[in-house]
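Scroll down for the structure; my scribbles are underneath it.
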Amino acid sequence: MLELMALAALLIAVLAMFRIKDLNRRFEREIAALRDDIGRLQQATPSAAQDAADAPEMTTASDPPSIAVDDVAEADPLDAASAQAQPSESLESREDAPEPIEPALPAAARESLESRLAGRWSVWVGGIALAFAGVFAVKYSIEQGLLSPAVRLTLAALFGLALVAAGEWVRRRTTPLVQSAFQNALIPGVLTAAGSLTLLGAVFVAHAVYGYVGPGFAFFLLALVSLATLALALIHGQGLAGLGLLASFATPLMVDSDAPSPGFLFGFLSIVWLASALASRMRNWRVSPALANAGLSLWSLGHAAFFPAETVFASAFAMLVMIAGMAFVWPGPKAPPSPAVKSARSPWELYLFPSHGAAVLIASLGVLANVMAVLSAGIRIAGAEWVFAALVIALALLGAGRRYGAYAAILAALSAFGGIRAMAENAVSTTIDAAGESYYAPFEPNLVIGLAFGLGLVFVLLGGAVNWRLGERLLPRSVVWSGLSAVTPLALAGLSFFFLGNYAFDPSHGAYGLFLAILYFAVAWRLSGSIGAGRYHINRDIWAAASWASLLFALVMLTEGAATTLGAAIIGFAYLLGYRLKPWPILPWAMAASAIFVASRIAWQPTIVGASLLGKTPVFNALLIGYGGPALLLILSAWMMRRSEDIRLRSVLEALASLFTLLTLGVLVRHAMNGGVLDSGVPTLSEQAIYTLLTIGASATLMALDLRQPSIVFRTGSMAVGYVSMLSVLSAHFIGLNPYFTGEPTGTIPFFNLLFLAYLLPGLAYGAAAHYARARRPLHYVMALALTGSALLFGYVTLSVRRLYHGADISDWKGFLQPELYTYSAVWLALAAALLAIGYRFRAKSIRLASAGLMLVVVLKVFLIDMANLEGLFRVLSFVGLGVVLIGIGRFYQTILGGPQTPGEPAGGVSPTATETVADRGETDRTA
């Protein structure tokens, strides 16, 4: 079957070759005819040609302007400032500009099916057929015993050389038009590829099957054929280069050696890579370099994974050669542009997806994989840490020095992070084995910490150099390196501290943080040169934010407890004060960031100093420092920035100041009410009452601040805090912590007891807040405040009646007495009448509605409960009192709210219309 397939493929190839010869003859005839037509046209109009030659050069309005690539580069908006300073500078000479934009070529005509079958596929099938022919010829001679192995191998080698020679012979006779039309399927390249494969097979069989040549000579021959194939690829195209690369990287696998040499192996692979890079540079190839990077990376990774101790230096050398080659050979300092770069591509797209990005990404991933393979081996490899550092620094240099190095820069940072983590996990000074003997661990802790510090400084210096060189221009490379320089050093330092640091006091990490802060601020100062005051600038702001983060890191390393919490707020406040010296808009935001850090620290350690060290003295303790200090600084910050044009900053600072103030008051009350213990236990009603008073007070305070200086934070916050307090009243005062359900004692003092603190005072406070909010807040909020106050007053009088009959313990299990039931009706009627009077006096419709609702409750109680449970005089008095009060209320409404008694004069001086419109106007007005 295989013989028949090979014969059919060979016949197809022969027929295709004849067809291609016919196409060549036709193309040559058409070219000759076109030349004749051009000659006749030139001879027919000699006078017109002469006039055109003698006429002065001029450009009409209809002629399209000729724009060179350099002119397009100069018009690039990213480098407008640089273009004005150096108008003659071309894009190729500007390393930091986007890739040059080449004029788009006209779209090629669609290739026909006949052209594909006869001109392309037949060539590739023919090449495959020739390769099969060589294989089957050798197979046939072996089966028939016609020739000895040496003769067969010699003939195979001669056949391969003949194919290579035939490819060169056909190439010299192929017209340029055919080369352009079928550049991916030229017969010379296919013949050369078939010849190379035949030669490689002959050498491999001579070594592996018959043993005619030793490992060294076989390796030499295989390498010679592979490199020769790469050299011929300069003539025959990128496809042959890919074949040469595959053969070169497969050569070491085809030769067995009793004493393999990693140095010799990776030296050969490095030479192959450099040869491929030179060829790619000369021919502007892109696929072949990606294959070369992948092959070298896979070889290095495989050896590092299985033979780390023996391979670490050799594979690292190969990786360094690859990085240096990309920097100086291919793509090189001035990488050639892609064949057609659309002008619509953004600068970020050009930076993150350059024409050489695939090859750079593959190489960078190879470095990352090799680093992790070497450092995660779990055994002691002398010098592995320095190999790791060299690879990371080399990759970072590539990312900083070349505009196509985005992937190299990012993966250099990831390699540093992964390597430090792998080393820190195994870094212990000494370990005691089962026999009681100590041995050294893979990595010494101080060395790992030093590497983390050193690599972090490398990123800072490279990022600073990139920004120093590019200046204030917001190029993608400068922005990326600003971010990497800010994140990577702190991440590496934090990683080393997490695994190897002293959590109580770490002066080395603290000093490193202070040094980083100085460097970061120096670069930010340098970038702020001619930036306008009050303008955000992402590069400068990143470096300034990094200096704040470094100071915070140093603070955590050097302090603990209340000093850390208060110190973080002081650092943020210092940056806000710095805004007066240097008007960088990012500086005041440091105060908000510090507040968020303080809040997270409070969430982790609410007692600030630990429960065992927290004193029991009310108010004046560590809580006042840890909570009150940041709250005070936030209040000062909000006041200092009250006239800032940045509305978002003002709103955030005002919100944080309000939150921390409320939080400080709440935690101090919690501490005082629980005997100096700050825990997560359920609060008592007395404690909850204080929280309720604080929240409604905070709502009123925010309302007052909003009236003094309008702010959406104060306006929204006042209502949000108010509604939260109302929900707290409903859930805690009436349900969860109600002494009627919980049995909590109400105290022995007749008036100033728990009911006074939990119901009467909050009820009066809500009433006062509702009165203050009239004409200043929406109607729904004012009515909610008034109804909540009425409900609390109702709770106070009701529970006070129960306390009058049952003493300090008003638990529900004691039941009800008949006098008690009657008293409820009496006091409720009195309260309803009082609410009605108050509602009319203050023209508050919500309070009058509360009075009507309470009256309805009394009516239901009298007819449903009192009628069934009261007896004798109490039942009579209950109904008498209800009737009298209801008639009185009716008379009140008829007299006060009724119609006019005389024409033109309202009853009581107030008309119905006036009552509804004027009396309730306070609750319907809105604030601006």
Side-chain angles (χ1 to χ4, degrees), residues 548 551-552 555-556 558-577 588-641 651-684 686-702 705 713-714 717-718 720-721 724-725 728:
W548 167 84
L551 285 177
L552 209 62
L555 178 70
V556 174
L558 300 175
T559 62
E560 60 180 349
T564 304
T565 306
L566 183 60
I570 292 175
I571 290 175
F573 189 70
Y575 272 73
L576 186 139
L577 292 177
W589 284 99
M591 188 64 220
S594 294
I596 295 174
F597 173 81
V598 170
S600 62
R601 182 171 175 80
I602 288 174
W604 173 66
Q605 180 59 273
T607 60
I608 304 298
V609 294
S612 59
L613 300 177
L614 181 61
K616 295 185 178 182
T617 303
V619 181
F620 299 101
N621 49 59
L623 299 178
L624 182 62
I625 299 174
Y627 289 80
L632 179 60
L633 292 176
L634 281 168
I635 293 173
L636 290 176
S637 300
W639 182 80
M640 292 174 62
M641 302 303 297
S651 301
V652 169
L653 290 177
E654 290 167 355
L656 289 172
S658 304
L659 175 64
F660 269 80
T661 301
L662 191 60
L663 183 63
T664 302
L665 295 175
V667 76
L668 290 176
V669 169
R670 176 73 171 174
H671 176 266
M673 296 294 293
N674 286 272
V677 177
L678 198 64
D679 55 22
S680 58
V682 179
T684 61
S686 57
E687 181 181 348
Q688 181 62 40
I690 296 178
Y691 295 150
T692 301
L693 291 173
L694 287 176
T695 52
I696 192 58
S699 176
T701 302
L702 293 175
L705 292 174
V713 172
F714 293 152
S718 64
V721 172
V724 169
S725 66
S728 173

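Small disclaimer: the values here were computed from a predicted structure and weren't measured. Along the sequence shown, residues carry numbers from 1.
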Taking distance alone, no hydrogens or angles, what donor-acceptor pairs closer than 3.5 Å link side-chain atoms of residues 561-570 to residues at least two apart or in another chain?
from, atom 1, to, atom 2, distance (Å)
T564, OG1, T559, O, 3.2
T564, OG1, T559, OG1, 2.8
T564, OG1, E560, N, 3.0
T565, OG1, G561, O, 3.4
T565, OG1, R601, NE, 3.0

Please report, to 0.1 Å, the donor-acceptor pairs under 3.5 Å made by any side chain of residues 695-702, with sequence neighbours excluded.
from, atom 1, to, atom 2, distance (Å)
T695, OG1, Y691, O, 3.1
T695, OG1, T692, O, 2.8
S699, OG, S718, O, 2.7
S699, OG, Y781, OH, 2.8
T701, OG1, G697, O, 2.8

Next on the checklist: The test is side-chain contact (heavy atoms from CB on, under 4.5 Å); show your working for M640 and L653 and say whether it passes.
Outcome noted: CA-CA 10 Å; M640 292 174 62; L653 290 177; over 6 Å; no
Next on the checklist: Could you go through F660 and L633, starting from their C-alpha distance and side-chain angles, then the distance that decides it, and tell me whether this counts as side-chain contact (heavy atoms from CB on, under 4.5 Å)?
Outcome noted: CA-CA 10 Å; F660 269 80; L633 292 176; over 6 Å; no
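Here the side chains of L656 and M591 are not in contact, with every heavy-atom distance at 4.5 Å or above. Here the side chains of P630 and F573 are not in contact, with every heavy-atom distance at 4.5 Å or above. Counting only heavy atoms from C-beta outward, the side chains of F597 and V556 approach each other to under 4.5 Å. Between I608 and I625, the closest side-chain pair of non-hydrogen atoms is not below 4.5 Å.
Between the side chains of T607 and Q605, at least one donor-acceptor pair of N or O atoms lies under 3.5 Å.
Here the CG-CD distance, from L694 to Q688, works out to 10.5 Å after rounding to the nearest 0.5 Å. Rounded to the nearest 0.5 Å, atoms CD1 (I635) and OG1 (T661) are 3.5 Å apart.
Nearest heavy atoms, S637 versus L576: CB-CD1, 3.7 Å.
Looking at S594, its side chain does come within 3.5 Å of a backbone N or O of A590 through a donor-acceptor pair. Remark: side-chain polar atoms of Y575 are paired, donor with acceptor, to backbone N or O of W548 under 3.5 angstrom.
When each of L668, I602, V609, T664 is tested with L623 by the rule side-chain contact (heavy atoms from CB on, under 4.5 Å), just one qualifies, namely L668.
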